[in-house]
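The following block contains the structure, expressed as structure tokens.
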Amino acid sequence: MSASENSAIRPRRVVQFGTSRFLQAHADLFIHEARQAGQAVGPVAVVQTSGADSRAGRVAAFGAPGGYPVVIRGIADGAPVERQVAVTSIDRGLSATTDWEAVTALFVEEAEIVLSNTGDTGYAIPASDRGAGWVEAHPPASFPGKLAQLLYRRWQAGGRPLTVLPCELINRNGRVLQGLVLDLAAQAGLPEQFRTWLREGVTVADTLVDRIVSEPIEPVGAVAEPYALWAIERRPGLVLPCEHPCIVLADDLEPFERLKLHILNLGHTVLAEIWRREARPGPETVREILADPAIRARLDALYRDEVVPGFAARGMEAEATDYVAATLDRFRNPFLNHRIADIAQNHVQKVERRVHAFLDWVEEAGASLPAPALRALAAAYPRPGAA
């Protein structure tokens, strides 16, 4: 670990965009456990980016003195696991809509690490954030616009270095987010010195997160499986929020990304498609749908005959075989109620990222993969402009 990475043990303010139960049971839990182990890390301030009234209670509940519960249930090393943790790493919740001045002050004056998980459409930029309108908006409409404005204010205040760790399930999420912010700065005609600082003073790392967080606990909290991974790509200037057994530094995230995206996430999307098209019960869970022998056989065949051969074409057959076995165990976790209705949200975008992109990746290797089930699913949701 480099000196800059090792410096993560110093106290550092984390500002998190997104109130998702996923981060509550992932990064926020890791930071809590690091603090409990004696690391001087955190605390975390959580910012609601959407302005949704339904999340107001969640925002108000962050930072409660006793923390919030995360229940870990599942199978680890062949044995059942069930434990509850009171997570106390979050010290406040803020709304971008009503607390923008406080968010700006916190970001400019205190932030050392920025986390985000703003959902499948979190990087979309509306017309109102094009041009120079976002520079003075209160706040900008999109997450990239909000981040660009906050970074601009920080640069105006002296431009201390910053690490940004996006956790959205987007391939090369760090590079994509950094590119969007740079584009916004260029479209607004902001100084070249600011854009240089964005490239050199702000470390935006690609990351990959992997944990099934199946249920919320209201108003704040979650139920999650024991398995967890946070893979972060090494970058010059990178500072970690903490040291934790589930955080892995890697020179290349692509193997982690492909396995998760095109096995675990692809499997979820295939099950969601079956659930949608075949009028399955509304509250059905992953575990329940796979209790149907015919559907379990369809998923097994898909992995065996279409997915693993695709990975084999890229030289990853052994890794894919192992990950498929682990994924099926995770899907059948008897303690998790992972509702397919939740997985089915933003279905079209998920088919693009998980199925279309897998077929493209295999074809780029020069392989001819029949994959009838995957190709039928992709054809049901053609890309814009496709014949």
Side-chain angles (χ1 to χ4, degrees), residues 15-18 20 22-23 26-27 47 49-50 96 107 113-131 134 140-152 154 162-188 190 194-210 229-239 241 249-262 265-266 269 345-346 348-358 360-361 364 383-384:
V15 176
Q16 173 181 308
F17 293 90
S20 70
F22 176 82
L23 284 184
H26 193 264
V47 180
T49 60
S50 66
F107 191 98
I113 305 286
V114 173
L115 308 180
S116 69
N117 188 359
T118 56
D120 290 283
T121 59
Y123 290 1
I125 301 176
S128 61
D129 280 355
R130 299 294 181 180
W134 61 267
S142 65
F143 169 59
K146 291 179 175 72
L147 182 61
Q149 187 188 106
L150 293 169
L151 288 167
Y152 187 49
R154 187 177 175 102
L162 187 70
T163 291
V164 179
L165 300 174
C167 297
E168 289 82 6
L169 185 59
I170 294 173
N171 188 38
R172 303 303 184 197
N173 49 17
R175 297 176 201 186
V176 171
L177 182 58
Q178 184 179 45
L180 291 173
V181 171
L182 283 166
D183 287 347
L184 288 171
Q187 292 168 15
L190 297 182
F194 171 57
R195 285 177 271 166
T196 298
W197 177 74
L198 287 176
R199 289 186 290 265
E200 299 176 0
V202 181
T203 301
V204 188
D206 292 335
T207 80
L208 177 133
V209 294
D210 192 356
L229 172 70
W230 191 4
I232 301 172
E233 192 170 64
R234 295 181 187 274
R235 292 283 176 84
L238 175 69
V239 177
L249 288 170
D251 293 325
D252 184 6
L253 294 188
E254 184 167 6
F256 299 97
E257 291 168 343
R258 295 295 180 177
L259 290 168
K260 178 176 185 283
L261 188 62
H262 302 319
N265 297 133
L266 180 147
T269 293
Q345 294 178 13
N346 301 302
V348 174
Q349 295 95 323
K350 289 174 179 176
V351 170
E352 166 62 32
R353 294 173 188 158
R354 301 170 180 186
V355 180
H356 280 287
F358 176 68
D360 290 346
W361 181 62
E364 287 167 7
R383 287 165 162 159

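Since this is a predicted model, take the numbers as computed values, not measurements.
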Would you say the side chain of Thr203 lies within less than 4.5 Å of the side chain of Val239, judging by non-hydrogen atoms?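 Counting from C-beta outward, Val239 and Thr203 never come under 4.5 Å.
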Side chains of Phe143 and Pro166: closer than 4.5 Å at any heavy-atom pair?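 Counting from C-beta outward, Phe143 and Pro166 never come under 4.5 Å.
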Evaluate the side-chain proximity of Asn117 to Val209: yes if any heavy-atom separation is below 4.5 Å, no if none is.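 With C-beta onward as the side chain, the pair stays apart.
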Gln187 side, atom CD; Ile125 side, atom CD1 - distance, nearest 0.5 Å: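 Rounded to the nearest 0.5 Å, the CD-CD1 separation comes out at 7.0 Å.
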Taking only residues two or more places apart in sequence or in another chain, which ones pass side chain to side chain donor-acceptor pair (under 3.5 Å) with Asn265?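 Counting only residues at least two positions away or on another chain, Asn265 forms a side chain to side chain donor-acceptor pair (under 3.5 Å) with Lys260.
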Taking all heavy atoms of Leu23 and all of Ser116, pick out the closest pair and write down the distance.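 Nearest pair, atom of Leu23 first, then Ser116: CD1-C, 4.1 Å.
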If the condition is salt bridge (charged side-chain N to carboxylate O under 4.0 Å, His left out), which residues does Glu254 pass it with, not counting sequence neighbours?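 Listed in chain order: Arg258.
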I need the Leu208 CG to Ile232 CD1 distance, nearest 0.5 Å.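 Taking CG in Leu208 and CD1 in Ile232, the distance rounds to 10.5 Å.
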Hey, are the side chains of Arg353 and Ile170 touching, using non-hydrogen atoms and a 4.5 Å cut-off?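 The answer is yes, as the side chains (C-beta and beyond) meet within the 4.5 Å cut-off.
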Which value, rounded to the nearest 0.5 Å, describes the distance between Tyr123 atom OH and Glu168 atom CD?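 Here the interatomic distance stands at 3.5 Å.
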Applying ring pair (Phe, Tyr, Trp, His ring centres under 6.0 Å), can you list everything that pairs with Phe107, at least two apart in sequence or on another chain?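 Here no residue qualifies.
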Going by the rule side chain to side chain donor-acceptor pair (under 3.5 Å), which residues pair with Thr269 if we only count those two or more places apart in sequence or in a different chain?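 Arg354.
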Please name all residues satisfying side chain to side chain donor-acceptor pair (under 3.5 Å) with Thr163, sequence neighbours left out, ordered by chain then number.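 Applying side chain to side chain donor-acceptor pair (under 3.5 Å) to Thr163 gives none.
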Measure the CD-CG distance between Glu352 and Asn346 for me, rounded to the nearest 0.5 Å.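 Reported to 0.5 Å precision, the distance equals 13.5 Å.
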The criterion is ring pair (Phe, Tyr, Trp, His ring centres under 6.0 Å); which residues satisfy it with Phe194, sequence neighbours excluded?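 Partners of Phe194 under the ring pair (Phe, Tyr, Trp, His ring centres under 6.0 Å) test: Tyr152, Trp155.
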Side chain to side chain donor-acceptor pair (under 3.5 Å) partners of Asp252, counting only residues at least two apart: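 With sequence neighbours excluded, Asp252 shows a side chain to side chain donor-acceptor pair (under 3.5 Å) to Arg172, given in chain and number order.
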Who are the side-chain contact (heavy atoms from CB on, under 4.5 Å) partners of Ala186, not counting sequence neighbours?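 Ala186 satisfies side-chain contact (heavy atoms from CB on, under 4.5 Å) with Arg195 only.
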Taking the inter-plane angle between the rings of Trp361 and Phe358 on a 0 to 90° scale, is it parallel (under 30°), tilted (30 to 60°) or perpendicular (over 60°)?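 Tilted: the ring planes of Trp361 and Phe358 meet at 30° to 60°.
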Looking at residues at least two apart in the chain, or sitting in another chain, which of them share a side-chain contact (heavy atoms from CB on, under 4.5 Å) with Ala357?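 In terms of side-chain contact (heavy atoms from CB on, under 4.5 Å), with neighbours along the sequence ignored, Ala357 is linked to His262.
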Working to the nearest 0.5 Å, report the span between CG of Leu259 and CG of Asp210.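 So the CG of Leu259 and the CG of Asp210 are separated by 9.5 Å.
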Taking the side chain as every heavy atom from C-beta outward, state whether Pro144 and Trp134 have any atom pair closer than 4.5 Å.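 No - every pair of side-chain heavy atoms lies 4.5 Å or more apart.
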Between Leu238 and Leu249, is there a side-chain heavy-atom distance shorter than 4.5 Å?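 They are in side-chain contact.
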Distance-only check: which donor-acceptor pairs under 3.5 Å involve side-chain atoms of residues 174-185, not counting sequence neighbours?
{"unit_1": "Arg175", "atom_1": "NE", "unit_2": "Asp206", "atom_2": "OD2", "d": "2.8"}
{"unit_1": "Arg175", "atom_1": "NH2", "unit_2": "Glu233", "atom_2": "OE1", "d": "2.8"}
{"unit_1": "Gln178", "atom_1": "NE2", "unit_2": "Leu198", "atom_2": "O", "d": "3.4"}

